[in-house]
Amino acid sequence: MLDIQLFRDHPDLVREGLARRHQGTEAVDQVIEMDLLRRGLLQQVESLRAEKNQASKEIGQSKDPDQRQERITAMRALGDQLDALEKELAELEPALGALLGTFPNLPDERVPVGADDSENQVVKTVGDKPEFDFEPRPHWDIGPALGILDFERGVKLSGTRFYVLNGPGARLQRALISFMLDTITKHGYEERYTPFMVKEEVVYASGQLPKFGDNLYHDHEEDFWWVPTAEVPLTSLHKDEILEEGDLPISYTAYTPCFRREKFSAGREVRGIKRGHQFDKVEMYVFCKPEDSESQFERMLENAERICQLLGLPYRVMNQCTGDLGFAASYTADIEVWAAGCQEWLEVSSVSNVRDFQARRAAIRYRPEGGKGTRFVHTLNGSALGLPRVLIAVLENNQQEDGSVVIPEVLRPWMGGVEVIGPR
RNA sequence: GGAGGGGUGCCAGAGUGGCCGAUUGGGGCGGUCUCGAAAACCGUUGUGGUCCGUAAGGGCCACCGUGGGUUCGAAUCCCACCCCCUCCGCCA
């Protein structure tokens with residue numbers, strides 16, 4: 001949620017931000033207009049209320065029954081007038097709130113203008129792509145050949161874009177989750193296990209609603225939405241709370257499955273397990289003071305990179321352009337790992353500084369020490385990392401000519417000592 | 001799912017139509033006393049909106065689980081819903 005004050009004082013900043021995101025700016029004027037209307041109505045309503053409160057108080061104190069009755073009659077008339085204005089206000093306020101909720105966060109100046117992810121900028125590349133004296137195969141060949149990846153039965157159970165992991169494949173996935181959680185925890189993020197189904201207001205708070213409801217699964221009978229990322233429940237952990245400055249920064253990590261309808265990529269990228277309706281992810285999330293969000297971003301990015309380094313995966317860091325930038329983000333760095341079999345850079349993490357955008361939606365504030373009042377916190381989120389894609393890279397980059405896959409050293413403690421997954 | 005009890009400020013807990021933004025106690029903060037601390041005593045202690053003001057600050061409005069209703073006036077009465085506790089049923 002953008003600050004309404006921004007529309008009053010610096011509407012051009014809002015227009016400029018929208019334009020950089022290739023969005024129309026007409027709604028800005030609509031907000032300004034509604035805001036003016038609202039404040040005018042509010043003033044009328046409140047002065048009538050003040051009058052009514054005063055009169056009611058006097059009626060209570062009045063002893064003379066005739067005078068009492070006279071004033072009650074007068075107030076009844078004022079009440080009707082008030083009702084009409086209040087009704088108007090009651091329609092306008094939610095409408096303005098809803099409109100304001102459709103505005104994305106303003107992109108930071110550092111975000112390059114671009115149409116889509118093809119215009120993201122490479123910030124740096126770390127590690128060397130593995131070399132092979134044979135033709136490396138994609139995971140959709142390696143997995144089934146090893147008997148650890150079963151597409152047919154996934155489709156039998158749930159349809160396209162689903163799969164089943166078998167034996168050491170399932171265990172490798174579990175090992176990756178544990179390894180990531182344990183590593184991130186060591187960096188000072190406290191683990192949380194959250195619900196995977198949440199209320200609509202929770203999905204709204206992090207910004208996936210109202211605009212992206214099409215990409216979410218939800219129960220049509222109850223108010224349950226399946227989380228598309230742990231960012232959603234983590235944001236609302238402190239919804240409607242006022243935190244103490246001394247408690248900040250608060251850093252969380254959580255494993256959740258993620259559920260997405262992938263309506264916008266229908267028919268695309270269906271090969272393999274790169275994009276499914278259900279995938280696993282370990283997420284990092286930070287609540288901090290506004291002046292700290294810049295350094296927390298650096299920290300989070302480093303933490304995500306560290307996972308790639310420990311797994312021995314070559315990766316590159318990208319600066320997301322405005323066309324790819326998420327709704328809530330002010331700026332975002334993507335991490336992409338190289339997958340030798342499908343010959344692709346796979347996006348495995350997006351680290352975003354959301355600033356106060358989600359904090360406003362979720363009403364998450366803190367009390368500055370010594371100061372007065374409250375301020376909105378800044379929030380950041382980033383994956384560490386997205387799972388099936390890391391699994392893809394591990395399988396493809398560590399494959400051997402005989403079709404077996406060497407397990408990265410750091411994962412072996414979670415693999416029960418298994419060093420190589422061989423044909424079964 | 002059924003029966004009963006309950007949701008009030010940071011916490012505990014009073015309040016059943018006007019004197020209640022809300023008694024009181026605890027905690028927090030500031031102060032007096034003290035070499036210092038404890039105790040005692042005094043003071044203070046919610047959030048949001050809006051208007052005025054350069055600001056400090058001040059006025060007004062709203063908020064007692066949520067949403068409606070009754071009333072000149074609602075924490076208090078009525079209706080619906082949500083949540084918590086106890087017991088029963090069912091159940092991984």
Side-chain angles (χ1 to χ4, degrees), chain A residues 1-9 31-101 193-205 218-225 233 236-248 250 257 287 356-377:
Chain A
M1 183 83 74
L2 295 178
D3 189 353
I4 185 85
Q5 206 65 44
L6 209 55
F7 289 80
R8 294 176 191 161
D9 302 341
V31 167
I32 294 169
E33 203 176 298
M34 289 171 83
D35 179 48
L36 273 171
L37 202 58
R38 185 188 82 94
R39 284 189 289 166
L41 264 174
L42 195 61
Q43 279 176 49
Q44 290 182 61
V45 164
E46 290 196 344
S47 69
L48 281 180
R49 277 182 191 157
E51 192 183 329
K52 192 182 77 171
N53 288 346
Q54 182 60 30
S56 292
K57 198 177 277 180
E58 284 164 17
I59 289 170
Q61 289 160 352
S62 163
K63 298 282 188 288
D64 179 359
D66 287 343
Q67 196 184 24
R68 234 177 124 97
Q69 198 46 52
E70 194 179 306
R71 304 219 53 179
I72 287 175
T73 312
M75 279 309 103
R76 218 172 262 157
L78 188 138
D80 292 342
Q81 198 186 344
L82 187 56
D83 279 349
L85 287 172
E86 277 182 334
K87 190 175 170 238
E88 242 183 282
L89 193 62
E91 282 164 11
L92 186 60
E93 283 194 319
L96 176 57
L99 179 60
L100 211 50
Y193 172 87
T194 72
F196 300 157
M197 295 189 287
V198 296
K199 301 176 189 177
E200 178 174 339
E201 65 183 52
V202 167
V203 186
Y204 178 85
H218 75 278
D219 187 311
H220 285 271
E221 291 172 3
E222 316 233 19
D223 185 18
F224 283 135
W225 295 70
S236 285
L237 276 183
H238 293 294
K239 185 164 145 40
D240 298 321
E241 289 183 25
I242 299 175
L243 307 166
E244 294 304 324
E245 176 172 353
D247 294 336
L248 301 175
I250 296 172
F287 302 83
D356 64 5
F357 189 82
Q358 288 173 334
R360 281 180 190 282
R361 293 185 156 232
I364 307 168
R365 292 162 289 167
Y366 77 98
R367 222 184 294 278
E369 270 162 27
K372 31 176 215 175
T374 59
R375 298 175 75 195
F376 286 107
V377 299

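In what follows, chains carry the letters A, B, and so on, assigned in the order in which the sequence lines appear, proteins first and then strands, with residues in each chain numbered from 1.
Using a 4.0 Å cut-off, no side-chain N or O of A/Arg71 falls inside it from OP1 or OP2 of B/C72. At the phosphate of B/U47, neither OP1 nor OP2 sits under 4.0 Å from any side-chain N or O atom of A/Thr374. The side chain of A/Arg38 contributes no N or O atom lying less than 4.0 Å from OP1 or OP2 of B/G49. Between A/Arg8 and B/U50, a side-chain N or O to OP1/OP2 separation shorter than 4.0 Å is present.
Within the 3.5 Å criterion, the main-chain N or O of A/Tyr204 finds a donor-acceptor partner in the side chain of A/Arg361. Of the possible polar contacts, one joining the A/Asp223 side chain to the A/Glu200 backbone as a donor-acceptor pair under 3.5 Å is found. In this structure a side-chain-to-backbone donor-acceptor pair under 3.5 Å is missing from A/Glu369 to A/Glu245. A donor-acceptor pair under 3.5 Å is formed between the side chain of A/Ser47 and the backbone N or O of A/Gln44.
Among the nucleotides B/C60, B/C72, B/U50, the one closest to the side chain of A/Ala50 is B/C60. Ranking B/G49, B/C72, B/C51 by closeness to the A/Leu42 side chain, first place goes to B/G49.
Looking at A/Arg68, its side chain comes within 3.5 Å of the base of B/G18 through a donor and an acceptor atom.
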Provide a list of protein-nucleic acid N or O atom pairs under 3.5 angstrom, restricted to nucleotides 73-77 of chain B.
unit_1 : atom_1 : unit_2  : atom_2 : d
B/G73  : O4'    : A/Ser56 : OG     : 3.2

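The separation between A/Asp83 atom CG and B/U71 atom P is 10 Å, rounded to whole Å. Distance CD1 (A/Ile72) to P (B/G18): 15 Å, rounded to an integer number of Å. Summarising the geometry, the separation between CZ on A/Arg367 and C1' on B/C29 is reported as 12 Å, rounded to the nearest angstrom. Atom CD in A/Glu93 sits roughly 16 Å away from atom P in B/G48 (whole-Å rounding).
A/Ile242 comes within 4.0 angstrom of sugar-phosphate atoms only, judged by non-hydrogen atoms across all strands, and of no base. Residue contacts for A/Arg49: at a heavy-atom cut-off of 4.0 Å it reaches the sugar-phosphate backbone alone, with no base atom in range. Contact annotation for A/Ile59: base contact, defined as any heavy-atom pair under 4.0 Å involving a base atom. Here A/Ala55 lies out of heavy-atom contact (under 4.0 Å) with every strand.
Not counting sequence neighbours, the partners of A/Arg365 by the side-chain contact (heavy atoms from CB on, under 4.5 Å) test are A/Ile242, A/Thr374, A/Phe376.
For CD of A/Glu58, the number of neighbouring non-hydrogen atoms (other residues, nucleotides, ligands) closer than 6.0 Å is greater than 12.
To the nearest whole angstrom, the two P atoms, one in B/C82 and one in B/U66, are 15 Å apart. If you take atom C1' in B/A14 and the same atom in B/U23, they sit 6 Å apart, rounded to whole Å.
For the side chain to side chain contact (heavy atoms under 4.5 Å, CB included) test with A/Phe224, the passing option among A/Glu222, A/His220, A/Glu221 is A/Glu222; the others fail.
The partner of B/A80, taking Watson-Crick or G-U wobble pairs whose two distances both stay under 3.5 Å, is B/U66. Searching all strands for a Watson-Crick or G-U wobble partner of B/U86 with both distances below 3.5 Å returns B/A3. Across every strand in view, B/C29 sits in a pair with B/G43 that passes the Watson-Crick or G-U test at under 3.5 angstrom.
Note on ring orientation: taking the six-membered ring where Trp is involved, the planes of A/His218 and A/Trp225 are parallel (angle under 30°, cut-offs 30° and 60°).
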